[in-house]
> 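First the structure, which I've put down as structure tokens, then a few questions once you've had a look.
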Amino acid sequence: MKILPMKRMTVAKGLKVWVSNHYVPTLFGIRGHYESSYKSGQYVETGAPGTGFFVRNSSSHAYKNYCKMQRQKLIPNYLEMVRGEEFDFDREMDRANQALRETKNEDKARVLESYVNVLPLAKEAEMGEKIIQGIKDLGHRRHKLTSYQSHVISSYKSRIARLGHDVRDIQLSVAKLCDEERYQRFADVVIPFTELAASHRIWHSREAYDKLDSAFEQVYFDMGIFDFIQAPLMTPLMRDSIGQRFFLYPDYIVVSRDSVDFDLYSLQDVTFLFREVPYDMISSMVLSSYADAPDESSSSPSGHRHHRNYDDFGSGLLVSKDTVATNEMEKENRMRERVVGELFMPELKTRFYARDMHAMKHFVTALNNYKNL
């Protein structure tokens with residue numbers, strides 16, 4: 001068990017430095033440092049090495065707060081370290097190997113095997129980064145590094161670079177798993193997804209998980225990465241409100257609870273349904289925390305409003321029967337001002353709604369066209 005936040009290590013002949021005992025997230029196995037930090041937006045790790053998302057430019061304060069919260073989780077915490085709650089490579093490798101032994105799905109086993117093979121390299125690279133930082137700290141205290149210390153830093157940087165080169169041969173590459181023409185056509189799905197991700201509001205319906213208390217909560221879509229799987233076009237990432245993440249690949253959808261607890265669904269086995277749902281008569285009972293002051297009699301402890309009779313909402317979670325009837329009666333007299341787009345995946349029991357109806361429709365249409373190639 002780790003007690004001290006630092007440990008003293010011999011990192012080269014005659015050179016000892018203090019090295020952090022905390023886990024330190026790195027960009028190892030993600031992409032090139034320049035691309036990860038700038039071109040694709042700042043990369044934020046979530047849960048385990050090789051899994052995270054790229055922060056997109058957004059004027060949404062809610063999204064910025066969400067990203068800030070995710071970054072704060074990466075800040076070293078002494079109590080978490082002592083309790084064994086910080087990420088640990090050895091523990092993760094044990095979990096991944098256990099999951100690999102238990103799975104009977106060949107495709108899932110291939111993902112887990114790749115993840116298991118990359119983790120030792122990621123562990124060595126992370127230690128190298130901590131050693132480099134420890135040597136640099138010597139220079140801060142003495143105002144300048146010696147030539148020998150600089151040489152040692154260069155040696156560790158070269159080793160990390162070699163590990164980064166080696167990892168490309170063992171981590172899964174989406175571009176190598178499907179033919180080039182099909183992969184290039186997948187870009188027709190990725191591009192409209194980026195437009196959808198920028199929608200001002202995206203919500204997830206929890207009704208499939210709790211029929212009696214179905215919440216309706218704001219979520220965020222991004223481009224991400226899962227278990228070090230490389231995809232040059234980037235990977236669409238959808239999040240629901242119960243902690244699941246949906247990674248979209250040319251042939252599969254990965255539904256992940258964490259790095260080793262996930263399911264793979266063939267894209268051809270998942271139905272993607274789109275429809276327009278009136279927004280101008282949204283029931284106040286399904287608005288989440290960004291609504292007006294909640295009614296304590298009908299809200300959850302978290303401040304989210306709920307409705308308790310989802311089956312009555314035949315045309316979608318957002319509107320009641322009366323709303324639909326009113327809209328039908330008055331459609332010749334007035335134009336419906338706003339609608340939201342619904343994405344329903346029945347096999348995954350998942351519904352998403354987007355304020356940008358056109359972006360949602362464009363994405364679903366592109367996805368179905370891609371499936372039918």
> Verify ring-ring contact (aromatic ring centres under 6.0 Å, His included) between Phe352 and Phe344, making sure each step is shown before the conclusion.
CA-CA 7 Å; Phe352 290 111; Phe344 179 36; over 10 Å; no
> Would you check, one step at a time, whether the test side chain to side chain contact (heavy atoms under 4.5 Å, CB included) holds for Tyr252 with Leu267?
CA-CA 5 Å; Tyr252 295 96; Leu267 206 60; over 6 Å; no
> Does the distance from a Lys or Arg side-chain N to an Asp or Glu carboxylate O, for Arg159 and Glu124, drop under 4.0 Å?
yes
> Among Thr46, Asp240, Val255, which one satisfies side-chain contact (heavy atoms from CB on, under 4.5 Å) with Arg245?
Thr46
> Salt bridge or not between Arg110 and Asp107? Use side-chain N to carboxylate O under 4.0 Å.
yes
> If only atom types and distance count, is the side chain of Thr350 paired as donor or acceptor with the main-chain N or O of Leu348 below 3.5 Å?
yes
> Would you list the pairs meeting side-chain hydrogen bond (donor to acceptor under 3.5 Å, both in side chains) in which at least one residue belongs to residues 360-373, sequence neighbours left out?
Arg182-Tyr370, Glu195-His362
> Nearest 0.5 Å, please: how far is CG in Leu27 from CD1 in Ile160?
11.5 Å
> So does Ile3 get a backbone contact from the side chain of Tyr78, meaning a donor-acceptor N/O pair under 3.5 Å?
yes
> Please give me the minimum heavy-atom distance between Ala366 and Val189, naming the atom from each residue.
O-CG2, 3.7 Å
> Does His22 NE2 have over 12 foreign heavy atoms under 6.0 Å away?
yes
> If you count heavy atoms of other groups shown closer than 6.0 angstrom to CG of Asp261, is the number above 12?
yes
> What pair of heavy atoms forms the shortest contact from Lys130 to Ser20, and how long is it?
NZ-O, 3.2 Å
> Can you confirm whether more than 12 heavy atoms, excluding those of Glu180, are under 6.0 Å from its CD atom?
no
> So if you build clusters from Ile, Leu, Val, Met, Phe, Trp, Tyr with side-chain heavy-atom gaps below 4.5 Å, do Val24 and Tyr43 land together?
no
> What's the separation between atom CZ in Arg201 and atom OG in Ser60, rounded to the nearest 0.5 Å?
6.0 Å
> Please check if Met9 and Tyr148 belong to a single hydrophobic cluster, counting links between Ile, Leu, Val, Met, Phe, Trp and Tyr side chain heavy atoms closer than 4.5 Å.
yes
> Looking only at heavy atoms, which two atoms of Leu163 and Ala125 are closest? And how far apart?
CD1-N, 3.8 Å
> Please indicate whether Glu106 has more than 12 foreign heavy atoms, meaning atoms of other residues, nucleotides or ligands, lying under 6.0 Å from its CD.
no
> Do Asp90 and Lys123 sit within salt-bridge range, that is, some charged N less than 4.0 Å from a carboxylate O?
yes
> For Gln98 and Arg95: C-alpha separation, side-chain torsions, deciding distance, then whether side-chain hydrogen bond (donor to acceptor under 3.5 Å, both in side chains) applies.
CA-CA 5 Å; Gln98 180 67 23; Arg95 293 179 66 240; over 6 Å; no
> For the atom pair OH (Tyr23) and CE (Met127), what is the distance rounded to the nearest 0.5 Å?
12.5 Å
> Working to the nearest 0.5 angstrom, can you tell me the gap between Asp251 CG and Leu177 CG?
8.0 Å
> Linking I/L/V/M/F/W/Y whenever their side-chain heavy atoms sit closer than 4.5 Å, directly or via other members, would Ile75 and Tyr66 fall into one cluster?
no
> Hey, what do you get for CD1 (Ile135) to OG1 (Thr146), rounding to the nearest 0.5 Å?
9.0 Å
> When you measure from the side chain of Asn21 to the backbone N and O of Leu4, does any donor-acceptor pair fall under 3.5 Å?
yes
> Looking at Thr235 and Leu248, what are the two nearest heavy atoms and their distance?
CG2-O, 3.5 Å
> Looking at every non-hydrogen atom in both residues, tell me the closest pair between Pro25 and Leu74 and how far apart they are.
CG-CD2, 4.0 Å
> So does Asp263 pair up with Arg257, basic N to acidic O under 4.0 Å?
yes
> Could you tabulate the donor-acceptor pairs under 3.5 Å formed by side-chain atoms of residues 221-234, not counting sequence neighbours?
{"residue": "Asp222", "atom": "OD1", "partner": "Arg56", "partner atom": "NE", "Å": "3.0"}
{"residue": "Asp222", "atom": "OD1", "partner": "Tyr63", "partner atom": "OH", "Å": "2.6"}
{"residue": "Asp222", "atom": "OD2", "partner": "Tyr63", "partner atom": "OH", "Å": "3.3"}
{"residue": "Asp222", "atom": "OD2", "partner": "Arg239", "partner atom": "NH1", "Å": "2.8"}
{"residue": "Asp222", "atom": "OD2", "partner": "Arg239", "partner atom": "NH2", "Å": "3.2"}
{"residue": "Asp227", "atom": "OD1", "partner": "Thr51", "partner atom": "OG1", "Å": "3.4"}
{"residue": "Gln230", "atom": "NE2", "partner": "Gly29", "partner atom": "O", "Å": "2.9"}
{"residue": "Gln230", "atom": "NE2", "partner": "Ile30", "partner atom": "O", "Å": "2.6"}

> Under 3.5 Å, is there a donor-acceptor pair linking the side chains of Ser259 and Glu92?
yes
> What distance separates His200 NE2 from Ser58 OG, expressed to the nearest 0.5 Å?
8.5 Å
> Write down the atom of Ala62, the atom of Tyr220, and the distance for their closest heavy-atom approach.
CB-OH, 3.2 Å
> Between Phe89 and Phe87, how do the two ring planes meet: parallel, tilted or perpendicular, split at 30° and 60°?
perpendicular
> Distance alone, cut at 3.5 Å: any donor-acceptor contact between the side chains of Gln133 and Glu129?
no
